[in-house]
Enquirer: 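The structure follows.
Everything numeric here is computed off the predicted structure, so don't read it as measured data.
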Amino acid sequence: MKTIMFLEIVKACYLDHYRVKLWFNNGDIRIVDLKDSLIGQAFQPLHDINYFKKFRIHLNTIEWPNEVDFAPEYLHSIGVSEETRPARKRKTSLDEAIEDVKAGRVTHCESVEDFFKEMEN
């Protein structure tokens with residue numbers, strides 16, 4: 001893991017239920033399950049899965065339309081590293097993305113690049 005002064009999320013993909021796959025600026029990739037973190041009035045709308053899927057990357061983390069978010073440091077700390085998942089044959093990122101889409105594991109993805117493309121339009 002690289003030493004980074006400020007931890008930022010650079011890409012995020014919805015997986016299933018309340019799980020999101022996050023890419024961080026230090027190179028880490030984490031699977032985060034937010035089911036037990038949606039506590040309090042501000043997080044109530046996120047209990048609706050369709051609303052939960054509407055996150056975007058804003059500033060350095062994921063944010064929902066009602067402007068609630070989690071600190072990237074918190075998300076990193078509760079996430080499960082890709083390295084701790086069972087080993088499998090190495091595939092390219094494109095192969096993995098195609099496989100995830102075909103299997104229905106990914107229905108929403110957001111990246112910093114997407115954000116800048118939207119800003120240009």
Enquirer: Out of curiosity, L15 CG to I31 CD1, how far, rounded to the nearest 0.5 Å?
Expert: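 Atom-to-atom, L15:CG and I31:CD1 are 5.0 Å apart.
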Enquirer: Show, in sequence, the C-alpha distance, side-chain angles and deciding distance for H76 and R30, and conclude whether the side chain to side chain contact (heavy atoms under 4.5 Å, CB included) test is met.
Expert: CA-CA 7 Å; H76 190 274; R30 305 274 184 176; 2.7 Å; yes
Enquirer: Report the distance from atom CD of E8 to atom CD1 of I57, rounding to the nearest 0.5 Å.
Expert: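 Going from CD on E8 over to CD1 on I57, the span is 10.0 Å.
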Enquirer: With side chain to side chain contact (heavy atoms under 4.5 Å, CB included) as the test, would you mind laying out the steps for L46 and N66 before giving the verdict?
Expert: CA-CA 9 Å; L46 279 65; N66 64 345; 4.1 Å; yes
Enquirer: When rounded to the nearest 0.5 angstrom, what is the spacing between NZ in K54 and CG in D48?
Expert: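 Going from NZ on K54 over to CG on D48, the span is 8.0 Å.
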Enquirer: Hey, do the aromatic rings of F52 and F43 have their centres closer than 6.0 Å?
Expert: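 Between F52 and F43, the centre distance exceeds or equals 6.0 Å.
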Enquirer: Do you know the tightest heavy-atom contact between A12 and V20?
Expert: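 So the two residues come closest at CB-CG1, 4.2 Å.
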Enquirer: How long is the span from the CG atom in L22 to the CD1 atom in I9, to the nearest 0.5 Å?
Expert: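 The CG atom of L22 sits 4.5 Å away from the CD1 atom of I9.
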Enquirer: Does one side chain, of H17 or D33, offer a donor that lies under 3.5 Å from an acceptor on the other?
Expert: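 There is no such pair between these side chains.
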Enquirer: Could you walk me through whether L38 and F70 pass the side chain to side chain contact (heavy atoms under 4.5 Å, CB included) check?
Expert: CA-CA 10 Å; L38 304 178; F70 292 96; 4.0 Å; yes
Enquirer: Does a side-chain heavy-atom distance below 4.5 Å link V10 with N60?
Expert: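 V10 vs N60: side chains apart.
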Enquirer: How many angstroms lie between NZ in K53 and CG in D16, if you round to the nearest 0.5 Å?
Expert: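 One finds 9.5 Å between NZ of K53 and CG of D16.
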Enquirer: Evaluate the criterion side-chain hydrogen bond (donor to acceptor under 3.5 Å, both in side chains) for residue pair H58 and D69; output intermediate values, then yes/no.
Expert: CA-CA 9 Å; H58 185 248; D69 62 23; over 6 Å; no
Enquirer: Distance from L7 atom CG to D28 atom CG, nearest 0.5 Å?
Expert: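 If I round to the nearest 0.5 Å, the distance is 7.5 Å.
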Enquirer: Would you kindly say whether Y18 and S37 are connected by a side-chain donor-acceptor distance under 3.5 Å?
Expert: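 There is no such pair (donor and acceptor under 3.5 Å, judged by atom type) between the side chains of Y18 and S37.
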Enquirer: Heavy atoms, side chains only, cut-off 4.5 Å: are I29 and K21 in contact?
Expert: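 Yes, close enough: below the 4.5 Å cut-off.
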Enquirer: Is there a side chain to side chain contact (heavy atoms under 4.5 Å, CB included) between F55 and E63 once you walk through the steps?
Expert: CA-CA 5 Å; F55 62 82; E63 178 185 80; over 6 Å; no
